[in-house]
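If you read the sequence from its start, that first residue is 1, and numbering goes on from there. We count ligands from 1, going down the list as the structure has it; atoms in each ligand are counted the same way.
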Amino acid sequence: MIKVAVLVSGGGTNLQAIIDAEKAGIITSGKISLVVASRSDAYALTRAENAGIPSAVLRRKDYADPKEYDAALLKVLKDNEIDLVVMAGFLSIVGEELIEAYRDRILNIHPSLLPSFGGQGFYGLKVHEAALERGVKVTGATVHFVNEIPDGGKILFQKAVEIREDDTPETLQRRVMEEAEWILLPAAVEKVSKDLANAR
Ligand code: GRF
């Protein structure tokens with residue numbers, strides 16, 4: 001069974017989608033074995049506890065040097081024999097050491113149709129504010145592999161979401177989560193877990 005770690009920083013609705021997908025038998029090739037939060041107040045930790053999933057808090061602000069944070073995160077993943085890393089609303093940047101150790105085994109969910117509205121500075125509500133500001137008629141979500149370029153790794157899945165005249169950044173974020181993120185991420189976890197299991 002592929003051991004999956006989910007990295008979180010906030011509400012954890014994407015984590016919840018993966019938890020629910022595992023329970024519903026949509027994810028069968030991987031098992032969420034660990035949740036790592038970059039903040040001790042992330043509600044995602046409560047979701048992990050409710051689901052009986054072990055968690056760890058690695059506060060970004062406890063590490064002056066990003067390289068030290070990266071090394072500490074990598075140690076937690078290795079100590080727990082993690083095979084696949086899923087960034088689900090994780091607001092810290094993972095460094096080269098971790099990316100190299102988990103080459104093509106780190107997934108990220110981004111709330112736009114990359115490469116639009118992606119890269120440095122595009123996260124959370126800012127992504128939807130930019131889409132509305134630009135006046136695009138369609139946005140969506142992307143699951144991609146993580147490499148050294150922010151939001152620049154190989155794209156795995158995308159799903160489009162129509163923008164409505166009366167959308168605010170908040171209503172758009174919610175609909176992109178409901179109609180795209182929470183569908184794409186579980187599907188991606190199952191596909192990559194299956195591929196990793198078959199490659200063993
Ligand atoms: C949301 O903005 C979502 O679009 C992005 O990360 C943020 C928090 O997601 N992927 P979550 O509720 O913590 O999963």
Q.
I'd like to know if the side chain of Arg60 and the backbone of Tyr63 have a donor-acceptor N/O pair within less than 3.5 Å.
A. yes
Q) For atom 9 (O) of ligand 1, which candidate among Ile18, Leu91, Ile109, Asn14 holds the nearest heavy atom? A) Asn14
Q: Give every residue pair that meets the side chain to side chain donor-acceptor pair (under 3.5 Å) criterion with at least one member in residues 5-15, sequence neighbours excluded.
A: Ser9-Ser38, Thr13-Trp182, Asn14-Glu181
Q: Hey, could you give me each pair passing side chain to side chain donor-acceptor pair (under 3.5 Å) that has a residue in residues 127-142? Not counting sequence neighbours.
A: Thr142-Gln158
Q: Looking only at distances, please establish whether an N/O atom of ligand 1 is found under 3.5 Å from an N/O atom of His128.
A: no
Q: Could you tell me whether Gly12 and ligand 1 have an N or O pair separated by under 3.5 Å?
A: yes
Q: Write out the residue and atom name of the closest protein heavy atom to atom 6 (O) of ligand 1, then the distance separating them to 0.1 Å.
A: Gly89 CA, 3.3 Å
Q: Look at atom 2 (O) of ligand 1 and say which protein heavy atom is nearest, naming residue and atom and giving the distance to 0.1 Å.
A: Gln173 NE2, 2.7 Å
Q | Under 4.0 Å to a heavy atom of Gly124 - the qualifying atoms of ligand 1, by number | A | 2 (O)
Q. With atoms numbered from 1 as shown, which atoms in ligand 1 lie under 4.0 angstrom from a non-hydrogen atom of Pro111?
A. 4 (O)
Q | Side-chain ion pair, Asp166 and Arg164, N-O less than 4.0 Å | A | no
Q. Are Lys126 and Phe117 in a cation-pi setup, meaning NZ or CZ lies under 6.0 angstrom from the ring centre and within 45 degrees of the ring axis?
A. no
Q. Which one holds for Glu181 and ligand 1: side chain close, backbone close, both close, or neither close, with close meaning a heavy atom under 4.0 Å?
A. side chain
Q. Does Met87 belong to the same Ile/Leu/Val/Met/Phe/Trp/Tyr cluster as Val8, with side-chain heavy atoms less than 4.5 Å apart forming each link?
A. no
